[in-house]
Amino acid sequence: MSHIVVIGAGQAGASLVAKLRVLGHKGAVTLVGEEPVPPYQRPPLSKGYLLGDMAEERLYLRPARYYAENDITLKLGTPVSAVDTGAREVFLGDERLSYDQLAFTTGSVPRRLPASIGGTLDGVFTVRTLADVDAMAPQMSAGKHVLIVGGGYIGLEAAAVASKLGLRVTLVEMADRILQRVAAPETSAFFRKLHADHGVDLREGVGLDRLTGEGAVTGARLSDGSELALDLVIVGVGIAPATDLAAAAGVALDNGIAVDALGRTSAPGVWAAGDCASLPHRGARIRLESVQNAIDQAEAVAANMLGAETPYVPKPWFWSDQYDVKLQIAGLNTGYDRVVVRDDAGAISHWYYAGNTLLAVDAMNAPRAYMVGKRLIEGGKSPDATLVADPATELKDLMRA
């Protein structure tokens, strides 16, 4: 029986090995992860876990015993040093694993501030791993002043948690507005007001010049010349696909590990899925940073490793929790030229159109709008924008419009 090795024990890796067993693969399966804990959910790290509302064990995707019970060898705390795609070997320090098929599910890594501007000072944190949040949590106490660098979803979620915990929160975003890369001005405005209403000092068009302190961060100088006294800093300036290992092995990259519609890389017998992989979509190449894609693509790759030959067609959806607002996003808004705002008695949704084609929906505490929008997008249907904007239009009627 063939041996399948999966490098990267996050959401995609855990989903891939589980699907192999569900689909009846009887050969050896090895899942290799750098972190010393079983695969876990990342989204709650910056929400319930950081707030102290979720125990570590509840983060785990499956109990540790699951892997033994399903004959999956779990190698934790074990970084891979190299991959030889010609010899089909994975090097774990002095240990070698031979494989018949290999999958990279290495995920992504947070972008960090350069050491030259204080990025390596104590008290400067990213929010990506369990260890990151465990190191940060003791510093998150009421009355402290935290600077959050970056107004994307991670930065805004961290701001919401810090505000709930009673910290003074200053958030800087060097772009003209928060969420500029991922959302329309209407969605940015909604969340700008939400954070202002919770006391966050949110500064757009302002970047970080440098952090100050001897050994540990004590302050910051911003691009507008203002200075802040600080207790800690949270950096949320995006993530990058974790491709170093694949690149060193000679696997082709294109904004991530380049895969075809089946999930195959340029190397024979080597596949990739999740945050680290870029895939063809509607004549372009995209990389999706979401739990949904990590699961769905990994499960599709598992099937294709076993011979299914079924192209993966993503159906993107995302979410973010901030204070008492749940943002749910369906579709991809790339290429939109107008936004239709719908207000159902305070349940706000923003519908992105390119011409007459519906591309995506941002729904703020509007689960019905999200579900209808998602079904429309996945079904290739685009309701008349005037009907969407009219709160007298029943959402269910949009499915028939």
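The chain is numbered in sequence order, starting from 1.
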Output, in order, the C-alpha distance, side-chain angles, deciding distance and verdict of side-chain contact (heavy atoms from CB on, under 4.5 Å) for Phe191 and Leu327. CA-CA 10 Å; Phe191 284 99; Leu327 166 66; 3.8 Å; yes
Taking side chain to side chain contact (heavy atoms under 4.5 Å, CB included) as the test, write out the residues that go with Ala160, two or more places apart.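 With neighbours one apart ignored, the set is His195, Gln322, Tyr323.
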For [X], is the [atom1] atom crowded, meaning more than 12 foreign heavy atoms sit under 6.0 Å from it?
X      : atom1 : result
Glu214 : CD    : no
Asn356 : CG    : no
Arg375 : CZ    : no
Met54  : CE    : yes
Arg282 : CZ    : no

side-chain contact (heavy atoms from CB on, under 4.5 Å) for Tyr153 and Ile329? Distances and angles first, verdict last. CA-CA 12 Å; Tyr153 288 120; Ile329 303 169; 3.5 Å; yes
Under 3.5 Å: donor-acceptor pair, side chain of [X], backbone of [Y]:
X      : Y      : answer
Asp71  : Ala28  : no
Gln328 : Ala363 : no
Ser15  : Ile295 : no
Gln297 : Gly274 : yes
Asn333 : Tyr336 : no
Ser163 : His198 : yes
Arg221 : Asp209 : no
Thr243 : Ile257 : no

Output yes when Lys47 and Asp321 qualify as a salt bridge under the 4.0 Å nitrogen-oxygen rule, no when they do not.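 No, no charged N to carboxylate O under 4.0 Å.
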Taking only Lys NZ, Arg NE, NH1 and NH2, and the carboxylate oxygens of Asp or Glu, determine whether Arg128 and Glu34 approach each other closer than 4.0 Å. no
Among Asp362, Asp337, Thr334, which residue meets the side chain to side chain donor-acceptor pair (under 3.5 Å) test with Tyr352?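 In the set Asp362, Asp337, Thr334, the residue that makes a side chain to side chain donor-acceptor pair (under 3.5 Å) with Tyr352 is Asp362.
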For a quick check under 3.5 Å, do [X] and [Y] share a side-chain donor-acceptor pair by atom type?
X      : Y      : result
Gln101 : Ser2   : no
Thr187 : His350 : yes
Arg42  : Tyr40  : yes

For residues Asn255 and Arg285, determine if any side-chain heavy atom of one lies less than 4.5 Å from a side-chain heavy atom of the other.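 SC-SC contact between Asn255 and Arg285 ruled out.
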With a 4.5 Å limit on heavy-atom distance, are the side chains of Leu359 and Leu332 in contact? no
I need the Leu228 CG to Asp201 CG distance, nearest 0.5 Å.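 Answer for the CG-CG pair, Leu228 versus Asp201, is 7.5 Å.
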Candidate pair His3 and Thr30, rule side chain to side chain donor-acceptor pair (under 3.5 Å), full reasoning: CA-CA 8 Å; His3 182 197; Thr30 301; 2.8 Å; yes
Does the pair Met305 and His25 meet the rule for a side-chain contact (heavy atoms from CB on, under 4.5 Å), with working shown? CA-CA 10 Å; Met305 291 175 101; His25 177 65; over 6 Å; no
Result of checking Leu59, Thr105, Leu61 against Pro39 for side chain to side chain contact (heavy atoms under 4.5 Å, CB included):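 The option that passes is Leu61.
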Ile154 and Thr126: side-chain contact (heavy atoms from CB on, under 4.5 Å), yes or no, with the steps? CA-CA 10 Å; Ile154 287 293; Thr126 55; over 6 Å; no
